[in-house]
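Read the structure below first, then the notes.
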Amino acid sequence: MESELHELRRQLQEKTKEINRLNLLLREKDGLGNLDVTLPFTSADTNVSHPDIPCETLSNASIARYSRQLILPEVGVKGQLALANASVLIVGAGGLGCPAALYLAAAGTGCLGLLDYDTVELSNLHRQVLHTEQRVSVPKSSSAAFGCNQLNSTVRCIPYHMQLDSQNALQLLRQYDVVLDCTDNVATRYLLNDACIMAKKPLISGSALRFEGQLTVYNYQDGPCYRCLYPTPPPPETVTNCSDGGVLGVIPGIIGCLQALEAVKVICSLGNTYSQRLLLFDGLEGTFRTIKLRPRQQSCVVCGDNPSVTKLIDYEQFCGSRANDKEHSLELLKPEDRISAKEYQSIVKEKLPHLLIDVRLPVEQEICSLPGAWNIPIGDIHKEECLEKLRKKLQETDDSVPVYLVCRRGNDSQEAVKALKEKLKDMPHKFKDIYGGLHAWSKHVDTDFPVY
Ligand SMILES: Nc1ncnc2c1ncn2[C@@H]1O[C@H](COP(=O)(O)OP(=O)(O)OP(=O)(O)O)[C@@H](O)[C@H]1O
Ligand SMILES: [Zn+2]
């Protein structure tokens with residue numbers, strides 16, 4: 001009876017997988033317009049458990065498929081079977097998660113959990129190489145599961161279209177052998193760290209920004225955890241993400257591949273991992289440096305000898321920053337200190353005298369800008385020489401001429417208005433920002449204006 005049920009479940013899983021695959025193929029053929037983006041590879045619940053079907057021997061197909069790594073004495077049949085029986089949870093199907101997932105699927109990892117709350121965007125494709133143009137707008141988790149299964153249909157791919165949080169993390173992590181942190185925010189890093197310690201799972205952590213990347217392994221072979229190294233979170237304003245700082249696509253590609261390598265090494269018990277070591281990769285310099293990290297701290301609040309954090313906490317509150325990078329709008333100014341993109345359009349149309357200051361970096365100005373804008377990057381707005389130049393310019397203009405500040409999304413421009421109101425309070429001019437910045441301009445005024 002038990003084995004009959006088991007077999008039925010297995011068949012059901014196989015068929016569901018096939019239906020999902022055909023569904024997604026159909027949708028791709030239909031073109032994006034007709035797609036119901038939530039349908040194929042529907043997100044699993046956190047309590048879905050993998051079938052416990054141990055793989056005891058390699059099939060002829062597996063022997064042929066994995067032959068090139070199978071003949072490595074360090075891997076061999078034992079290593080390949082370890083991979084086939086292993087499950088890896090990849091948190092974040094972005095720049096790091098995509099290459100990591102691809103190589104783990106290719107290597108024959110038995111089960112891959114792919115978790116991400118977001119959907120694929122065009123600006124992801126330069127580095128998130130598991131996703132495709134056809135799958136723009138599709139949940140990243142489903143797109144990644146589909147992509148991995150296209151490469152290797154024997155891997156069980158489980159997509160989770162959800163945000164990892166303190167409520168779902170433990171239940172989910174307990175079902176996997178190894179966890180990869182491929183996310184991009186500090187709150188999720190602390191959450192994953194604590195959850196991995198509580199669930200006793202090794203955590204392979206990567207990060208990439210601009211031309212640089214880092215890699216280490218936490219909570220493995222008595223090595224330190226993230227909190228042993230960083231007991232308190234960094235001030236939120238010191239943390240930059242790819243959307244603001246930029247990243248060359250191949251950098252997370254390299255780090256994500258190394259995360260996959262570390263996972264294979266952990267699963268197959270191969271050689272030295274990056275436990276208690278940190279890799280620093282500088283793509284511009286072309287250098288890889290490894291530094292030794294401090295050992296596990298007995299006083300660590302989560303992995304130490306007398307831990308005080310024994311339950312997951314509110315990590316957004318702990319870090320003072322959000323666990324996702326969805327666009328958020330600051331509200332620093334009163335409504336009378338702001339104008340809408342449409343209002344600015346009327347000012348331009350009616351040729352009303354004004355001064356427009358763009359507070360983005362020069363490199364961003366080169367991508368696109370509004371005609372006649374002065375460029376004072378937000379980082380320079382406090383500098384005396386900039387203020388002097390501006391003061392001179394304003395002295396030449398009529399007192400009633402307003403100054404409008406613009407940036408990409410309407411956050412820095414508010415900071416700039418606040419700064420100028422303070423620094424140039426002796427000037428009679430009014431300083432206002434354009435609500436929502438150039439994104440709002442593109443959305444509400446000129447849909448041909450590029451968005452980046
Ligand atoms: N708590 C979380 N739960 C689920 N997914 C997360 C969480 N935190 C971050 N992520 C995901 O991790 C991935 C990080 O990858 P990456 O920074 O390359 O992508 P991105 O956010 O799409 O980048 P961009 O900033 O360019 O839009 C993202 O896809 C993001 O949705
Ligand atoms: Zn610790």
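Every number for a ligand or one of its atoms is a count from 1 in the order of the listing.
Between Asp380 and Lys383, at least one side-chain N (NZ, or NE/NH1/NH2) sits under 4.0 Å from a carboxylate O, which counts as a salt bridge. Looking at Arg296 and Asp305, a side-chain N of the basic residue comes within less than 4.0 Å of a carboxylate O on the acidic one, giving a salt bridge. The pair Glu415-Lys418 does not meet the salt-bridge criterion, since no charged nitrogen lies less than 4.0 angstrom from a carboxylate oxygen.
The protein non-hydrogen atom at the shortest distance from atom 5 (N) of ligand 1 is Tyr117 CD2, 3.3 Å. Summary of contacts: the protein heavy atom closest to atom 1 (N) of ligand 1 is Thr188 OG1, 3.0 Å. The single protein non-hydrogen atom nearest to atom 8 (N) of ligand 1 is Asn185 ND2, 3.0 Å, given as residue, atom name and distance. For atom 15 (O) of ligand 1, the closest heavy atom belonging to the protein is Gly94 CA, 3.5 Å. For atom 22 (O) of ligand 1, the nearest non-hydrogen atom of the protein is Lys140 NZ, 2.7 Å. Considering only non-hydrogen protein atoms, atom 19 (O) of ligand 1 sits nearest to Gln128 NE2, 3.1 Å. Among protein heavy atoms, atom 17 (O) of ligand 1 sits closest to Asp184 OD2, 3.0 Å. Of all protein heavy atoms, the one lying nearest to atom 12 (O) of ligand 1 is Gly92 CA, 3.4 Å.
In plain terms, the two heavy atoms of Ala82 and Ile267 that are nearest each other are O-CG2, 3.5 Å. Minimum interatomic distance between Tyr452 and Arg360 (heavy atoms only, all atoms of both residues): OH-NH1, 2.9 Å. Across every non-hydrogen atom of Gln175 and Tyr160, the tightest pair is OE1-OH, 4.5 Å. Counting all heavy atoms, side chain and backbone alike, Val309 lies closest to Val302 at O-CG2, 3.9 Å. Between Leu192 and Val179, the shortest heavy-atom contact is CD2-CG1, 3.9 Å.
Tyr190 has its ring centre no less than 6.0 Å from the ring centre of Tyr315.
Remark: at the Zn ion (ligand 2), atom SG from Cys300 and atom SG from Cys225 enclose 110°, rounded to the nearest 10 degrees.
Atoms CG and CD, on Asn411 and Glu331 in that order, are 9.0 Å from each other to the nearest 0.5 Å. Going from atom CZ of Arg408 over to atom OG of Ser442 covers 12.0 Å, rounded to the nearest 0.5 Å.
Under the 4.0 angstrom criterion for non-hydrogen atoms, Ser123 is not in contact with ligand 1. The closest approach between a heavy atom of Cys182 and any atom of ligand 1 is below 4.0 Å.
Any N or O atom pair closer than 3.5 Å counts here, and Ala93 shares no such pair with ligand 1. Below 3.5 Å of separation, one finds no N or O of Thr183 facing any N or O of ligand 1.
Summarising the contacts of atom 28 (C) of ligand 1 with Asp116, Leu164, Asn124, the nearest heavy atom is found in Asp116. Of the listed options Arg127, Glu121, His131, Arg127 places a heavy atom closest to atom 26 (O) of ligand 1.
For ligand 1, the atoms sitting less than 4.0 Å from at least one non-hydrogen atom of Gln163 are 1 (N), 2 (C), 3 (N), 4 (C), numbered in the order shown with element in parentheses. Counting the atoms of ligand 1 from 1 in the order shown, those under 4.0 Å from a heavy atom of Leu115 are 3 (N), 4 (C). The atoms of ligand 1 that sit less than 4.0 Å from any heavy atom of Asp118 are 31 (O). Interface of Ser243 with ligand 1, defined as ligand atoms under 4.0 Å from a residue heavy atom, comprises 25 (O).
Because its NZ or CZ atom is both nearer than 6.0 Å to the ring centre of Phe318 and within 45° of the ring axis, Arg227 counts as a cation-pi partner of that residue.
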